[in-house]
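In what follows, chains carry the letters A, B, and so on, assigned in the order in which the sequence lines appear, proteins first and then strands, with residues in each chain numbered from 1. We use all heavy atoms of the structure for the numbers below, so side chains are in, but hydrogens, waters and symmetry mates are not.
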2 protein chains.
Amino acid sequence: MRMDIADRVSRQSKSPLYEQLYQLLRSRISAGDLKPGDLLPSETELVEQYQVSRATVRQAMDGLVSDGLIVRRQGQGTFVSPHNVDQGLVRIVSFTEDMQGRGLEPSTKLRSAELIPATEALASFLEVPIGEPLARIERLRLADGEPMSVEMAYLVHRYCPKVLEEDYTSQSLRKMLEEKYGLRISSAQQSIRAVSATIELANALSVQKSAALLSIERISYTEFNVPIEYLLLYHRGDRYRLSGELRG
Amino acid sequence: MRMDIADRVSRQSKSPLYEQLYQLLRSRISAGDLKPGDLLPSETELVEQYQVSRATVRQAMDGLVSDGLIVRRQGQGTFVSPHNVDQGLVRIVSFTEDMQGRGLEPSTKLRSAELIPATEALASFLEVPIGEPLARIERLRLADGEPMSVEMAYLVHRYCPKVLEEDYTSQSLRKMLEEKYGLRISSAQQSIRAVSATIELANALSVQKSAALLSIERISYTEFNVPIEYLLLYHRGDRYRLSGELRG
DNA sequence: TAGTGGTCTAGACCACAAA
DNA sequence: TTGTGGTCTAGACCACTAA
């Protein structure tokens, strides 16, 4: 599982030291090198190991704490969070990842993929002129063979000109954007609400008309805060739930 | 609106300087002294004004940033967020705070307050024996006079024996638990889904039967990880949305 | 160019938990 | 008592924005 993660930080890199250290520790946790409940090296040890100041170590760990991945205990040390933190409310999680975390087998059916001109609303979300060509990809997501969600993605076509020729059913859209076009999604703004299923959505999801759906609207941004995707998700209310931990 | 908020920090206080400064700035924002879009004093100015180091100022502001209350812009300054950014997905936010953040006027109607024995499910959530007496408080929450949410709180009665004699319409339940019983909620586990309104909920919320509602189930814990409250929230799908930022 | 936030350092002392 | 994280300081230099 461990990839080519160098176990050091570089002062020549364009990304800050604390960010490098954050990513490094994050990798060690997600790779299983550090397991839930494990004690992390102490701050002093990390200072020595990576040759950075304690403030930098703490800044890196702050990120992991706010991700819920680690907890600090004064006098004891810093530990990998004991429970598998459900991160759907804090991190961008792929459908595949999400379903696997729930112990379900994900699959995908393509419903449509086409080029459309940006409406006023879409243009405003994606910060492009009205009429700008957008790739619209609509997919049905299934879990254990049963419909779970309908997903509509709107991408700025100019940034990923051959996106409509790709295969969306077997590979992650996000991974494809990163590998083929160098578009890395680094943050997103989302809004969650409950809506009643339209007839079309009800049919697609195999539920009754007006069944309650959990609707998520999401705008994803690159590291330079350029919006590249507008996503509309409709999850079956009877099957899907979002969980997370709150701070006091 | 400004209460007795001293505009200074004290080194004698038991709470840390950054926490005092955080609360102080938070109050100035929620009191409307600092309005959405306003420029905050620069970090250097705050250093001079409160006689603390820049790191302490930044630590205080870090909290406000992660609350979504302020945004930093390099080269420009730090601004109060354009009030859109609710952060109900990461922090426990009171209904009052929540509505005020949306520019709505909150009010509350008590629907019932009674003592009931814990069912099996409730006992498991609250980690008490089946049959343990629980205080059940059901309230209707309104925004600008219009129904917004129905809230059912189940409290372990043993921890707060006179809770049913209190006034829940004008004061915060959380604040009351803290002040009268020393019960401070420090974390919570919540789960969000979409449901159809039952006839009773539809009547209470002035919506049609089967209207989509955003349902939140939440177990709140003290700093010692003792569950003290099980909360069931039903928000009107047409009026309520949860927003937040995700990391990539 | 002046002022802002972004990053980083090398200390210091404290509170807390475990041995 | 030792080692942990929690708080705080007084600097430094950089990157960015606007005038």
Side-chain angles (χ1 to χ4, degrees), chain A residues 8-25 34 37-66 68-82 186-187 223-226 247-248, chain B residues 8-25 34 37-66 68-81 186 223-225 247:
Chain A
R8 55 189 170 75
V9 294
S10 155
R11 277 160 211 278
Q12 270 61 56
S13 163
K14 64 181 170 64
S15 78
L17 293 176
Y18 76 87
E19 175 71 21
Q20 296 179 52
L21 186 49
Y22 163 83
Q23 291 294 352
L24 202 149
L25 292 170
L34 288 165
D38 278 5
L39 180 63
L40 268 73
S42 75
E43 296 178 354
T44 316
E45 283 169 346
L46 291 172
V47 163
E48 286 163 7
Q49 184 175 353
Y50 296 103
Q51 294 293 301
V52 295
S53 73
R54 189 170 161 221
T56 301
V57 168
R58 283 187 64 82
Q59 194 172 0
M61 295 179 110
D62 282 346
L64 297 168
V65 168
S66 86
L69 281 175
I70 64 173
V71 290
R72 291 178 171 126
R73 294 199 200 117
Q74 194 174 49
Q76 296 182 46
T78 304
F79 301 81
V80 181
S81 293
S186 81
S187 73
E223 55 198 317
F224 308 111
N225 281 315
V226 178
R247 299 194 310 265
Chain B
R8 55 192 171 73
V9 293
S10 155
R11 276 160 211 278
Q12 271 61 55
S13 164
K14 64 180 170 63
S15 78
L17 293 177
Y18 77 87
E19 175 71 21
Q20 296 179 51
L21 186 49
Y22 163 84
Q23 291 296 350
L24 203 149
L25 292 170
L34 288 165
D38 278 5
L39 180 63
L40 267 73
S42 76
E43 295 177 355
T44 316
E45 283 170 345
L46 291 172
V47 163
E48 286 164 7
Q49 184 176 353
Y50 295 103
Q51 295 292 301
V52 295
S53 72
R54 189 169 161 221
T56 301
V57 168
R58 283 186 64 83
Q59 195 172 0
M61 294 178 110
D62 282 346
L64 297 168
V65 168
S66 88
L69 281 175
I70 64 174
V71 290
R72 293 199 257 234
R73 294 197 200 120
Q74 195 174 45
Q76 297 182 43
T78 304
F79 300 82
V80 180
S81 298
S186 81
E223 56 199 318
F224 308 110
N225 281 316
R247 306 176 59 157

For residues [X] and [Y], report the shortest heavy-atom separation together with the two atoms involved.
X: A:L34; Y: A:L39; answer: CD2-O, 4.4 Å
X: B:V47; Y: B:V52; answer: CG1-O, 3.1 Å
X: B:A60; Y: B:Y18; answer: CB-O, 3.3 Å
X: B:I70; Y: B:M61; answer: CD1-O, 3.7 Å
X: A:R11; Y: A:Q51; answer: NH2-O, 2.7 Å

Say you draw a straight line from [atom1] of [X] to [atom2] of [Y]; how long is it, rounded to the nearest 0.5 Å?
X: B:L17; Y: B:L24; atom1: CG; atom2: CG; result: 11.5 Å
X: A:R58; Y: A:R72; atom1: CZ; atom2: CZ; result: 4.0 Å
X: B:L25; Y: B:L46; atom1: CG; atom2: CG; result: 6.0 Å
X: A:E19; Y: A:S13; atom1: CD; atom2: OG; result: 9.0 Å

Partner residues of B:Q76 under the side chain to side chain contact (heavy atoms under 4.5 Å, CB included) criterion, sequence neighbours left out
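Residues passing side chain to side chain contact (heavy atoms under 4.5 Å, CB included) with B:Q76: B:R73, B:F79.
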Can you name the side chain to side chain contact (heavy atoms under 4.5 Å, CB included) partners of A:E45, sequence neighbours left out?
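Scan of A:E45 (side chain to side chain contact (heavy atoms under 4.5 Å, CB included), adjacent residues dropped) gives A:P41, A:S42.
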Pair A:V80, A:L69 - check side chain to side chain contact (heavy atoms under 4.5 Å, CB included), show working.
CA-CA 6 Å; A:V80 181; A:L69 281 175; over 6 Å; no
Within residues 39-48 of chain A, residues whose heavy atoms come under 4.0 Å of DNA chain D:
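Within residues 39-48 of chain A, the residues near DNA chain D are A:S42, A:E43.
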Terminal contacting nucleotides, 5' and 3', DNA chain C versus chain A (heavy atom, 4.0 Å):
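Here the contact window of chain A covers C:dT7 to C:dA18.
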Hey, which of these two, A:R54 or A:R11, hits DNA chain C nearer its 5' end, going by closest nucleotide?
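First, find each residue's nearest nucleotide; the 5'-ward one identifies A:R11.
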Between the protein and nucleotides 14-19 of chain D, list the N/O to N/O atom pairs that are separated by less than 3.5 angstrom.
residue, atom, partner, partner atom, Å
D:dC16, O4', B:Q74, OE1, 3.1

Over its full length, what angle do the end axes of the helix from C:dT1-D:dA18 to C:dA18-D:dT1 make, each axis taken from five pairs and the result rounded to 10 degrees?
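One end axis against the other gives 10°.
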